[in-house]
Chemist: 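For reference, the structure I am asking about is given below.
Throughout, a chain's letter reflects where its sequence line sits, starting with A, and its residues are numbered from 1.
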Amino acid sequence: MRSGSSRRRHKAARPFAVALALVLMGALYAVLSPATQVAADTGMSAQVAEGKGLFQVTCSSCHGLNGEGSSQGPSLIGVGAASVDFQMSTNRMPMARPGQQAPRRPVTYTAEEIAAIAAFVQSLGPGPAIPPSSAYDASNLDAEAIARGGELFRSNCSACHQAAASGGALPNGKYAPSLHGVEPLHIYEAMRTGPQQMPVFSAGAIPDEDVASIIGYLKELEQQPSAGFSLGGLGPVTEGFFGWVVGIGGLCLVAVWIASRGARAK
Amino acid sequence: MMAKPAATAEQAEVLETHAPAPAGPVKKLGGPAIWFDERIGLAKLGKASLRKVFPDHWSFLLGEIALYSFIVLLLTGLFLTIWFKPSMGEVEYHGSYQLMRGLAMSQAFESTLQISFDVRGGMLVRQIHHWAAILFMAAMTAHMLRVFFTGAFRKPRELNWLIGVGLLSLGMIAGMTGYSLPDDLLSGTGLRFTDGAIRAVPIVGTWVEFFIFDGEFPGDAIIARFYMAHILLLPAILLGLIAAHMALVVYHKHTQFPGPGRTEKNVVGYPLFPVYAAKAGGFFFIVFGVLILMGATMSINQVWLYGPYNPAQVTAGSQPDWYMGWVEGAVRIMPGWESHWGPTTWSWNVFVPFAILMGIFYTALGIWPFVESWLTGDKRPHHILDRPRNAPTRTALGVAGMTFYGLLWAGGGNDILATQFSLSLNSVTWFLRFAVFVGPVIAFLVTKRMCLSLQRADRERVLHGSESGILVRSQIGGYSEPHVPISVDEAFTLTQHRQYTPLEATPTEDEHGVKLKGPGTVSGLRAKLSAWYSGYDVAKPTAAQIAESHHHGDEDTPALPH
Ligand code: HEM
């Protein structure tokens, strides 16, 4: 525990020194720079300012003080508020430790903090914004639209996420996660921002109403009863495994019983 | 497996299986039975087979599991044929599964959805049918391993072994065609795989593809053609082979594990009627019951999740059923080698793991009984089974083969292993590329060692008895554990087997320099292989040694306190 926290302090100390120096530099720059720049800075809303502060404390060690990126993390200029909202609401970011892929974890930041950082990153360069809920609302879809969502899902997503959205492996230790229980908002944001290996599905390729169909399909799929235990929903591999264990295993026990019974039952 | 002689040996009655005395028509039969008996001599026929004797060991029931699941397959399959439509004609779905409403799909897929959701009991029967297929193949495989490791394939049963190999390979094809029928995304992907494998066969591949698919993949004929094979051709051949298989079992009589009173000339066990028939009948209902339970509680092949087949779609975790998994694994871990010679493409990456590997596998299985008898020079008939340890090289080869198969299996599920155990897909693949070669060698060496140690332990047990578990302190303070001699019956069981002396090479030429050939000759190579195969056995104690050790024991071993 102790070594962990001291390491974290350690890690934060350097960016802090850099941050301090930069703030000083920034102040100096603000005084000396042309008027337009000043106008932009003063135009920064309170939310963006708050976000910038939070960002510099929690994210800048990897993404750089102004989101320009570093050897530890990519540039966030132009990734947009949607990307930050997705990454932080699923608590992939801040990344706990450098690795192949930041896993989904229970969220630890408040909605306001996330919104503030998202606003700050959006101010760095425009990218996909956090959508209003009307953009991905699937509650009024009819059966045909949902079935079409299934087709879209199988055409665009199941190669990585598996047909029943149970997840799948990707090269080099990466994986496409299971989509069970993922919030509609985060499905939308994932499609528009393309985290990690996932391609970006822009509004040009899949318009909002189709995204809503996909979301509707995924949510309906979760409601469907399975025909018995789903066995993980992973397909023939687990089916074969259970066939051997339950079928052959169970019947061998019976066979042992029968063979031993007969001798006495004669 | 069998560590001790079967416990039934002592209690069971010994039934010599000679032909029953010719008997006239049986009197006590009812009207219709007499009617038949007077015309086709049913009673005589029935009586002979009713007196057939079956020995009791649980592993002898593995073949029965296969037999019964095949019957279940026939029954459930019949039910499915009533509604299934083997057509690739396109329709728009308007059945009761909402999530497919309005989608274009083939009639085959539509009728599969209909069986699942709209036919009463359809889902249950579909699931039982698929579980029965899984169990059929698994039981056959387990049964074959039992036959292999106990040497039940030896003369005179080589033919039945060959029939078994035929059943195993045809079962695989039957399963493969059945898997393709629903025309869902998985079955289409599986067909795509088969198509690729066929095309990879050099020179004739493309031609064969066009022949099977009636044009380019997927075409619109394949489902109807597979349907014919799946419900007519393959079951008929399977049924015929199973009948021949069972007839030969009856004709040869069943083998038995060694034990007192069991010889190469008798079979110790229960007459087919009533004891064995009751047991077998009961076991049929248990197998059926287990399959119904599996079908009712464990989902299998939920085609509605995969959706109708569309060549433009694919799903992660596309796998064949388990019995094709090892071939899938071989294809997955094979490096992507390819040669282009002139206008031809040689896809080693598919051709080697598919055609060549499967060819080697089935050929090796088929010729094994003949190879083994060539190695040992043993041409005698055998009705007493081997305890696996007493055929150490065979047992080690078997375990090496299982290791090879198991590693390829893992390769077929490499993506599932990667996601479920948080491994890297690439590491799994690279590990397996080496492991499939190294693993079997290690398995061979370890197994052979284990067999030889077990042989040594048997020898010790016969010569020095078993440990009594009682510590005795002598007057001068030393401790010793007296051994109690084992029973004569057990000693018999542990020493009844034959040990082979490796074949000696015979001269290759006679005194006139004429090449010698023919049945009696043994080449140098064959002698070497024979020594490798059976030259390591731990010599079992001779009768003289046993007598000597008992005598010895009387003097040295302190008597047990009573
Ligand atoms: C359709 C699948 C099969 C069915 C229904 C089946 C059924 C049976 C049954 C019920 C027996 C008698 C009981 C027993 O020993 O287990 C038997 C014996 C035998 N089977 Fe099979 N079997 C099948 C596949 C195979 C395969 C794949 C092989 C080997 C490649 C094989 C080789 C043998 C041999 C050699 C015997 C005689 C064993 C002895 O007498 O000890 N069978 N089979």
Side-chain angles (χ1 to χ4, degrees), chain A residues 100 143-144 146-148 150-151 154-155 158-164 166-176 217 220-221 224 226-244 246-248 250-252 254-266, chain B residues 7-8 11-12 56-59 61-62 65 98-103 123 127 131 134-135 138-139 142 185-186 270 275 279 282-283 286-287 290 294 296-302 305-307 310 312-317 319-322 325 412-416 418-419 423-427:
Chain A
Q100 284 288 12
E144 264 88 6
I146 287 180
R148 210 164 42 83
E151 276 299 274
R154 287 186 290 274
S155 303
S158 65
C160 296
H161 288 286
Q162 202 251 8
S166 306
L170 296 173
N172 297 316
K174 305 202 174 189
Y175 59 92
Y217 177 73
E220 275 296 321
L221 200 59
Q224 291 299 316
S226 130
F229 294 113
S230 72
L231 311 183
L234 296 173
V237 172
T238 41
E239 288 162 8
F241 178 78
F242 280 94
W244 273 90
V246 177
I248 295 294
L251 285 169
C252 277
V254 177
V256 170
W257 178 72
I258 291 185
S260 69
R261 285 298 291 181
R264 266 169 272 125
K266 185 169 63 110
Chain B
T8 57
Q11 301 102 308
D56 248 341
H57 188 268
W58 68 268
S59 68
L61 294 174
L62 290 170
I65 301 180
Q98 288 297 309
L99 300 192
M100 298 269 155
R101 176 60 66 86
L103 290 192
M123 178 83 85
Q127 301 210 119
W131 281 121
I134 301 263
L135 192 68
L185 189 49
L186 263 194
Y270 300 99
V275 182
K279 283 188 177 196
F283 197 44
I286 290 174
V287 173
V290 165
M294 289 172 80
T297 58
M298 291 155 59
S299 73
I300 185 164
N301 199 20
Q302 307 193 49
L305 295 180
Y306 298 112
N310 173 342
Q313 298 175 350
V314 67
T315 165
Q319 255 103 3
D321 273 350
W322 76 261
N414 60 358
D415 55 334
I416 306 285
T419 51
L423 303 167
S424 153
L425 191 60
N426 303 52
S427 330

Chemist: With a 4.5 angstrom heavy-atom cut-off, is it the side chain or the backbone of B/Met294 that approaches chain A, or both, or neither?
Modeler: side chain
Chemist: Under a 4.5 Å cutoff for heavy-atom pairs, which residue among A/Gly240, A/Gly150, A/Ser226 has the most contacts with chain B?
Modeler: A/Ser226
Chemist: Once you round to the nearest 0.5 Å, how far does CD1 of B/Ile416 lie from CZ of A/Phe241?
Modeler: 12.5 Å
Chemist: Looking at B/Ile134, B/Leu185, B/Asn301, which one has more heavy-atom pairs under 4.5 Å with chain A than the rest?
Modeler: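 When all of B/Ile134, B/Leu185, B/Asn301 are compared, B/Asn301 has the most.
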Chemist: Is it the backbone or the side chain of B/Leu99 that comes under 4.5 Å from a heavy atom of chain A, or both, or neither?
Modeler: both
Chemist: Between A/Ser158 and B/Val314, is there a donor-acceptor pair closer than 3.5 Å when you use the side chain of the first and the backbone of the second?
Modeler: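 The answer is yes, because a donor-acceptor pair under 3.5 Å joins these two groups.
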Chemist: Look at A/Ala176, A/Ala143, A/Ala159 and state which one has the largest set of heavy-atom pairs under 4.5 Å with chain B.
Modeler: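 Most pairs with chain B among the choices: A/Ala159.
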Chemist: Look at A/Val237, A/Leu170, A/Val254, A/Leu251 and state which one has the largest set of heavy-atom pairs under 4.5 Å with chain B.
Modeler: A/Leu251
Chemist: Please classify the contact between B/Asn310 and chain A as side chain, backbone, both or neither, with a heavy-atom cut-off of under 4.5 Å.
Modeler: side chain
Chemist: What are the two closest non-hydrogen atoms of A/Gly235 and B/Tyr306, and how far apart are they?
Modeler: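 In this case the closest contact between A/Gly235 and B/Tyr306 is CA-OH, 3.5 Å.
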Chemist: Not counting sequence neighbours, which residues clear side-chain hydrogen bond (donor to acceptor under 3.5 Å, both in side chains) with A/Ser155? List them please.
Modeler: B/Gln313
Chemist: Only pairs of heavy atoms separated by less than 4.5 Å count here; which of A/Gly173, A/Pro171, A/Ala227, A/Gly168 has the most with chain B?
Modeler: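 If we count pairs closer than 4.5 Å to chain B, A/Ala227 comes out on top.
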Chemist: Closest heavy-atom contact between A/Pro236 and B/Pro320?
Modeler: CB-O, 3.1 Å
Chemist: With a 4.5 Å cut-off on heavy-atom pairs, point out which of B/Leu135, B/Ile65, B/Asp415 contacts chain A the most.
Modeler: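 Most heavy-atom pairs within the cutoff with chain A belong to B/Leu135.
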Chemist: Can you tell me how far CG of B/Leu305 sits from OG of A/Ser230, rounded to the nearest 0.5 angstrom?
Modeler: 9.5 Å
Chemist: Given 3.5 Å as the limit, does a donor-acceptor pair link the side chain of B/Asn426 with the main chain of A/Asn172, or not?
Modeler: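 A pair under 3.5 Å: yes.
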Chemist: Side chains of A/Phe242 and B/Trp131: closer than 4.5 Å at any heavy-atom pair?
Modeler: yes
Chemist: I'd like to verify something: which residue of A/Gly167, A/Gly250, A/Gly247 has the highest number of heavy-atom pairs under 4.5 Å with chain B?
Modeler: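 Of the options given, most contacts go to A/Gly247.
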Chemist: Is it the side chain or the backbone of B/Gln319 that comes within 4.5 Å of chain A heavy atoms, both, or neither?
Modeler: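 Both backbone and side chain.
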Chemist: Among A/Leu231, A/Ile146, A/Thr238, which has the most heavy-atom pairs under 4.5 Å with chain B?
Modeler: A/Leu231
Chemist: Measuring from atom CZ of A/Arg154 to atom OG1 of B/Thr315, what distance do you get when rounded to the nearest 0.5 angstrom?
Modeler: 10.0 Å
Chemist: With A/Glu220, which residues qualify under salt bridge (Lys or Arg N to Asp or Glu O under 4.0 Å), at least two apart?
Modeler: none
Chemist: Given a strict heavy-atom distance threshold of 4.5 Å, which part of B/Val290 is in contact with chain A: side chain, backbone, both, or neither?
Modeler: side chain
Chemist: Can you see which heavy atom on B/Trp58 is nearest to which on A/Cys252, and at what distance?
Modeler: CZ3-SG, 3.7 Å
Chemist: Is B/Met100 close to chain A through its backbone or its side chain, or both, or neither, when contacts mean heavy atoms under 4.5 Å?
Modeler: both
